[in-house]
Amino acid sequence: ASLPFHRVAIPNKADTCTGLPDPVKGTQCTFSCSEGEFLDMRSQKCQKCAAGTYSLGTGVAFDEWDSLGFSSAHHSFSAVNIFCSSTWTPKGDYVASNMDECTATLSYAVSLKKPGTVFFEYFYPDNSIYFEFFVQNDQCQSTASASRWMKISEKDWSQHTVELNKGNNVLYWRTTTYTVLDSAVKPVLLRNIAISGVAYTSECFHCKPGTHSTKPGSARCAPCPADTYSTKGATVCHQCEQGKYSEAGSGSCKPRPPCTNSDYFYTHTPCDSEGKTQLMYKWIEPKICNETIEGAVVLPASGEKKTCPPCNPGFFVTNSSNCEPCTSGFYSNGTACTECPVGTEPVVGFEYKWWNTIPTIPLLTCALFNLFLFVMTAWEVAGEYVYTTPGDQDTDYLMLILNVPGYSLPQSTVKDRERSELSRITFVFETICSADCKLFFLAGYNEWNNNIVERWNGSNRKQSYSYLIQSNSTVTFAWTFQRTGKFNTERKYSADVAKIYSIYITNVVGGVASQCRRCAVSSGKADSACVPCPAGHYMVNRTGECKSCPPNTFIKAQHPVGQAACIQCGPNTIRNKAYSSCLSDCTLDMQTRGGTLLRYDFSPLSNVTGFNSSPRFTSKGLRYFQHFRVGLCGKEGQVPATCVDNVTESGREVRGYVCQSTVVPSEIRSQSIVSSQPFLIGDSLIGVTTDTTLGGISSPHGLFPATSGLPDVIFYYKSSETTQACKEGRSATIRLRCSPTVTAKDHITMPSNCSEGTCDGCSFHFLWQSQHACPLCTKNHYKEIVSACIQGIQRTTYVWQQPLQCYGGESLPAQKVSACVPLDLWLKFGVSTGSIAAVLLVGLSCYFWKKTRKLQYKYSKLKMTTGGKECELPTADSCAIMEGEDAEDDLMDLTKKSFFTKMKSFSREFQQVSLKTDCGCELILFIVKDLDLRREF
């Protein structure tokens with residue numbers, strides 16, 4: 001139950017204890033007063049606040065931010081930044097979040113006597129920051145997660161209201177920045193925080209300097225206008241003295257400085273009815289300088305009137321010297337509109353190269369981005385270019401914004417889902433700087449939610465830049481120039497300037513044409529309307545006839561004219577059905593130098609695969625990775641690799657074969673990682689080969705030294721996106737290396753000397769090791785081993801050749817079992833046959849040896865009986881063996897020597913001598929060496 005309270009007087013000094021009023025019974029604790037009132041403690045009634053003061057009744061408001069941690073109505077704010085020194089920073093009328101890669105929390109604790117609300121205004125322009133607001137109660141229970149995430153501010157300050165419960169409430173505003181690259185992060189801003197449901201207030205608060213309240217019972221104080229000021233508790237604003245000035249909401253006036261050349265700018269007036277324009281000089285508003293004091297410069301005189309330049313291409317000059325767009329089907333060079341001839345079509349877009357006024361078709365606006373306040377004086381026209389004017393401060397962001405309604409391809413262009421080029425924007429610019437100026441080019445889906453596409457630092461010569469538009473949601477482009485990032489109240493670099501000479505964007509809905517081009521004409525129709533050539537055909541420029549492209553070619557140009565528009569597909573790739581690109585079906589037949597045919601099937605690796613680089617750390621200690629996603633190959637309809645920006649709920653994404661994003665481990669929004677800054681590395685497949693160079697892209701052997709003789713299969717990719725650093729676009733090579741022992745499908749590594757996959761930021765190289773990168777196994781990859789015949793059974797086993805360099809394909813044949821004859825049977829047969837042959841051989845040898853001895857003996861005996869006449873042989877007594885001859889023969893054998901010893905000695909005992917006689921006869925003599933044997937003979 002609500003209980004009343006008692007008002008008790010407490011002495012200011014410890015020794016004052018007399019004359020104190022008696023305690024007074026008060027009202028119930030839930031009692032409250034209206035806005036602009038306070039509770040008079042003596043009368044216990046609500047009274048109106050006096051002029052110069054204000055009251056919120058049962059609420060508290062915070063619209064002045066000079067410091068954090070202060071007390072106000074017995075409540076206090078606190079700001080915490082985890083592991084970082086930066087935090088929320090008071091900026092006077094608002095408080096700004098940190099801009100580095102840290103988490104900063106602004107908290108406020110309040111006890112409500114009844115249910116109430118919290119209201120605040122915020123400006124949240126940058127999707128590189130997470131911004132959340134939530135409330136915790138006594139049990140540390142937070143608000144629902146669906147409502148805690150703040151939405152991106154579309155254009156101006158956003159408002160947010162949350163209901164609060166009775167009791168203790170802790171309010172949290174938390175920001176977490178996720179940017180690891182050097183980019184311009186815009187902080188979150190908070191202002192006008194109001195909380196209702198607190199206890200009544202017993203006093204009114206004085207208006208702060210620079211504000212006032214003229215009537216009693218004010219709930220808020222109004223700011224003083226420019227060139228006026230007020231002190232604390234003011235009821236009126238006072239005019240500044242002569243020679244002084246003040247900004248809106250100022251508590252004092254400052255002397256006006258002498259005017260300098262930085263206080264004015266030049267512009268060209270719009271063309272008048274006579275077709276004349278004039279160079280004029282204007283003071284920068286609001287004017288704060290004094291041109292009458294000593295040393296001040298005066299505004300230069302206006303120039304003479306000159307003839308206006310022609311209108312921009314696609315426009316014509318009206319009778320009132322204004323520029324109006326040509327109607328559909330017409331073109332113009334800036335003077336008069338001419339209808340496109342039959343068989344041609346207008347090249348639609350918008351081209352700005354003459355700057356007499358800021359164009360309004362499509363909407364082109366400029367804004368000064370200073371402390372997140374916008375003034376329409378950031379860029380001015382100068383005839384041949386548009387340039388940045390001096391801002392209020394050198395740290396201002398000077399923005400030129402282009403909004404287009406959408407895109408539409410010409411009638412002669414084939415419309416297909418895989419066409420990447422929807423439009424293209426090209427501009428010519430120049431920067432002249434003496435400090436650390438920066439020029440940013442951004443693209444997005446509204447003015448305040450865009451992404452940095454490219455940036456240029458310092459002075460840059462006059463040059464052209466082109467950006468490919470691939471999504472219909474990219475309808476806003478911004479050029480942002482900042483003279484310096486170092487804050488200074490004085491303008492030191494007003495002479496630093498950015499100039500844009502021309503802007504040209506194609507295929508814009510409602511665009512105009514500066515020229516016409518020939519197109520293919522539909523036959524048999526009276527209107528001769530332009531039609532696209534069939535898929536896979538190009539147009540002959542002179543006749544408009546469509547001809548078929550050569551086999552296995554695709555059409556890259558948006559408007560294919562001439563056979564040069566047909567581009568041959570790279571090695572081991574085939575064109576798609578739409579004739580817009582080439583693809584690989586993940587199969588490959590490769591002939592080695594030795595003539596062996598290797599067949600590959602990379603289908604198990606075709607699914608989109610993600611992997612990270614080694615961890616990196618920012619100067620604040622934030623850990624991040626470079627995350628890559630690869631869609632190696634696949635048939636038509638294969639899901640491409642996608643990299644997203646999930647820092648905000650409406651993040652963008654890129655699709656292709658290879659892409660990269662920066663990821664940071666996170667626990668907020670129930671996400672394991674936060675991904676940002678995605679970009680494409682490869683959106684087209686150039687070819688698949690074992691060569692180390694293809695289409696100007698190189699994959700050196702030294703990046704990934706080979707460990708086997710099998711060559712790596714290399715996939716080559718190219719991206720059509722160009723940047724200042726990669727003027728030829730980015731490229732990627734993926735080496736597939738056979739590793740039969742690697743079963744994982746995501747074993748992808750980067751060069752050891754380039755830990756993020758690239759050494760120059762343009763050419764990326766990866767090594768993918770897998771068993772699926774091996775050629776399919778064939779009969780040449782295994783051999784057979786035949787076992788011994790055991791018990792009539794012989795087994796044939798098949799084993800892989802080592803080292804194994806194949807996977808899948810043909811499997812090893814099963815073991816074969818066959819009948820056979822045992823080896824011991826053949827051995828027995830062989831031994832028996834050999835033994836018999838040896839016995840026969842020995843017997844024959846003995847027989848012939850004995851015959852030879854007999855012949856030798858007979859010859860010797862015949863020689864001894866010869867008469868001595870030359871050339872006469874003794875007359876044979878008988879042809880038969882004489883009696884006793886065998887006995888004499890036997891004398892040769894009556895020795896105790898062994899058979900082999902006798903054979904050996906026999907050869908030594910006789911010496912054969914051949915003699916020629918006078919009559920032509922040849923005598924063969926056997927000389928007996930042994931003396932005993934000689935006696936026998």
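Contact record, Phe477 with Ala443: CD2-CB, 3.9 Å, taken as the closest heavy-atom pair. The shortest non-hydrogen separation linking Tyr264 to Pro390 is O-CG, 4.3 Å. In plain terms, the two heavy atoms of Tyr54 and Cys221 that are nearest each other are CD2-SG, 3.5 Å. Between Trp283 and Val297, the shortest heavy-atom contact is CH2-O, 3.8 Å. Considering every non-hydrogen atom in both Trp379 and Leu400, the closest pair reads NE1-N, 3.3 Å. Considering every non-hydrogen atom in both Met150 and Tyr122, the closest pair reads SD-CE2, 3.9 Å.
Judged purely by atom type and a 3.5 angstrom limit, Ser55 uses its side chain to pair as donor or acceptor with the backbone of Glu37. The backbone N or O of Gly52 lies less than 3.5 Å from a partner atom in the side chain of Ser213, making a donor-acceptor pair. Looking only at distances, a side-chain donor or acceptor of Arg483 sits under 3.5 Å from a matching main-chain atom of Asp496. With Ser111 contributing its side chain and Asn168 its backbone, the two residues share no donor-acceptor pair below 3.5 Å. In terms of modelled atom types and a separation under 3.5 Å, the side chain of Ser97 and the main chain of Pro187 share no donor-acceptor contact. Without hydrogens or angle criteria, Asn290 side chain to Ile288 main chain gives no donor-acceptor distance under 3.5 Å. In terms of modelled atom types and a separation under 3.5 Å, the side chain of Ser230 and the main chain of Thr211 share a donor-acceptor contact. Judged purely by atom type and a 3.5 angstrom limit, Ser196 uses its side chain to pair as donor or acceptor with the backbone of Thr117.
Here CZ of Phe62 is found 12.0 Å from CG of Asn192. Values are rounded to the nearest 0.5 Å. The NZ atom of Lys492 sits 9.5 Å away from the OG1 atom of Thr484 when rounded to the nearest 0.5 Å. The CG atom of Asp227 sits 9.5 Å away from atom OH of Tyr245, with the distance rounded to the nearest 0.5 Å. To the nearest 0.5 Å, the span separating CD on Glu132 from CZ on Arg174 amounts to 4.0 Å. Distance SG/Cys253 to CD/Glu241: 7.5 Å, rounded to 0.5 Å. Of the inter-residue distances, the one linking Cys49 atom SG with Lys215 atom NZ reads 15.5 Å to the nearest 0.5 angstrom.
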Practice prompt. Under the side chain to side chain contact (heavy atoms under 4.5 Å, CB included) rule, what do Cys204 and Gln47 come out as? Steps first, then yes or no, please.
Written response: CA-CA 10 Å; Cys204 295; Gln47 304 287 341; over 6 Å; no
Item to complete: Determine, step by step, whether Cys33 and Phe38 satisfy the side chain to side chain contact (heavy atoms under 4.5 Å, CB included) criterion, reporting the C-alpha distance in whole Å, the side-chain angles of both residues, the deciding distance to 0.1 Å, and the verdict.
Response: CA-CA 6 Å; Cys33 295; Phe38 73 101; 6.0 Å; no
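Proximity of Ile284 to Thr389: side-chain heavy atoms (C-beta onward) are nowhere separated by under 4.5 Å. Looking at heavy atoms from C-beta onward, Ile452 lies in side-chain contact with Leu442 at the 4.5 angstrom threshold. In this structure, the side chains of Leu112 and Ile195 come closer than 4.5 Å at one or more pairs of heavy atoms. In this structure, Cys224 and His212 have side chains that are in contact, with non-hydrogen atoms separated by less than 4.5 Å. With contacts defined as side-chain heavy-atom distances shorter than 4.5 Å, the pair Glu121/Tyr94 does not qualify. Contact check for Arg256 versus Cys289: no side-chain heavy atoms found under the 4.5 Å cut-off. Considering only heavy atoms from C-beta on, Phe120 stays 4.5 Å or farther from Arg191 through its side chain. The shortest side-chain heavy-atom distance between Leu171 and Leu164 falls under the 4.5 Å cut-off.
Across Tyr387, Phe441, Phe440, Tyr397, a single residue satisfies ring pair (Phe, Tyr, Trp, His ring centres under 6.0 Å) together with Trp479, and that is Phe441. Partner of Asn98 under the side chain to side chain contact (heavy atoms under 4.5 Å, CB included) criterion, chosen from Ile129, Thr175, Thr89: Thr175.
Ring geometry, Trp173 versus Phe133: the interplanar angle falls from 30° to 60°, so the pair is classed tilted. Note: Tyr124 and Phe131 have perpendicular aromatic rings, judged against thresholds of 30 and 60 degrees for the angle between ring planes.
Residue Glu247 places its CD atom among 12 or fewer non-hydrogen atoms of other residues, nucleotides or ligands, all under 6.0 Å distant.
There is a side-chain donor-acceptor pair under 3.5 Å between Glu380 and Thr267.
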